[in-house]
Amino acid sequence: MRVLTVVGARPQFIKAAVVSRVLRQKHTEILVHTGQHFDYNMSEQFFEELNLKKPDYNLGISGGSHAQMTGKMMIAIEDVLIKEKPDWLLIYGDTNSTLAAALAAAKLHIPICHVEAGTRTHCMTNPEEINRICADHLSNLLLVCTASGMEELSREGLEERSVLVGDPMYDAFLTYRHAVPVGKLELSLLKGRKVKLPAEYYYLTCHREENTNDNGLEELFKTMEQLDAAVIYPVHPRNKERSIRMSDKLQTKNIILSEPVGYLESICLVNHAKKIITDSGGLQREAFFAEKKCVTILDFIVWPETMTDSRNQLSSIKSHDILEKLNTPQTINSGYAPFGDGNAAEKIVDCMVRKTKEDIIL
Ligand code: UDP
């Protein structure tokens, strides 16, 4: 098979790395990076750490409104698809890069395989929800992480094209969870210095606009100042300036503002944290894999499987709500493994091969 993969954002590099390794054993992959994430520590570092091959094409497209970014990506991806004539377009998750690639390929009648299909928040003001729904309905093969994803697709009449394969993020977690020893980890502070990891800490990732506007960030930082251990907060580049300003205004003492860390470091931080506070879909699952208590600052559920037995709880940005949820104990049922068996990558490639044969695409 000749597979053209389109990625653009941090979580997609992680998923693509585990799938690409299996795919390239027997097939040809052409890797396209849209450029949506472009800072070294949001992009290149992931390619280096995870041995992901350098992209064959880097489209250099980022920023602007959703329509501007998606439109520019569609135009550029269409050119690449026409030139490369792949048997499949392979896409991941829910970003503008995912949507742009799906739209371009569908109009060229190129079969589309969507990994992480079926994830739904049922919140249409969440831009990723629009991307997910469109990508799923345009795809020929929908590869799903969890049973609830299969149910969502069945409700939308897509079950015949859907297969439950498990979560490639779980494959990545199992592969890399011991890659960085905790004693080796140093954090690069936003203000330049490097510091060692404290013995006890909470791990915070928060980058959604609704949580990191001035009001949200002030409430969040005041709450983090009340916790009984330091809070490690690797800051997304778009929140850097705001986070420094808020930390200076509040004279924070407990929050360690750092540059974004690499994936291997992030997994190490997850594994050794007291608890996790996040608004990221990836972090919620990683907290679950590592059996860490997680509080998710969102007003919609993305990964219902993580929400059993108080393991992961939704919270508003309000201080009392976050603190109450952080103090609610979790129950661990160690037989509960809703994200597959750690072999999602093999199953993804297998499904593509089987579907190719069934449809006599080649
Ligand atoms: N992550 C990372 N460095 C950081 C923060 C997060 O490598 O400084 C990883 C994290 O472990 C997870 C992924 O990035 O695997 C989540 O990405 P992000 O929060 O950007 O996207 P989302 O999960 O919200 O789609």
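Remember, predicted model here, so these are calculated numbers, not experimental data. Quick note: residue numbers are just sequence positions, from 1. For ligands, and for the atoms within them, numbers begin at 1 and follow the listed sequence.
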Nearest-contact summary for [atom] - protein heavy atom, Å:
atom: atom 1 (N) of ligand 1; result: Ser266 OG, 3.5 Å
atom: atom 13 (C) of ligand 1; result: Ile14 CD1, 4.0 Å
atom: atom 8 (O) of ligand 1; result: Val261 N, 3.0 Å
atom: atom 16 (C) of ligand 1; result: Ser280 OG, 3.7 Å
atom: atom 15 (O) of ligand 1; result: Glu286 OE2, 2.4 Å

Ring-ring centroid check Phe339 Phe173, cutoff 6.0 Å: no
Nearest option to atom 6 (C) of ligand 1, as decided by whichever heavy atom of Gln12, His207, Arg10 sits closest: Arg10
Option set Pro234, Pro11, Ala9, criterion heavy-atom distance to atom 21 (O) of ligand 1, minimum: Pro11
Donor-acceptor contact present, side-chain Thr212 to main-chain Arg208, <3.5 Å: yes
Any Tyr233 heavy atom less than 4.0 Å from ligand 1: no
Close approach of Met169 to ligand 1, heavy atoms, under 4.0 angstrom: yes
Geometric class of the His33/Phe47 ring pair [parallel <30°, tilted 30-60°, perpendicular >60°]: parallel
Parallel, tilted or perpendicular, as decided by the 30° and 60° cut-offs, for the rings of Phe46 and Tyr263: tilted
SB check Lys222 Glu225 (cutoff 4.0 Å): no
Presence of salt bridge, Glu156 and Arg120, under 4.0 angstrom: yes
Per-atom contacts, ligand 1 versus Pro260 - under 4.0 Å to a heavy atom: 8 (O)
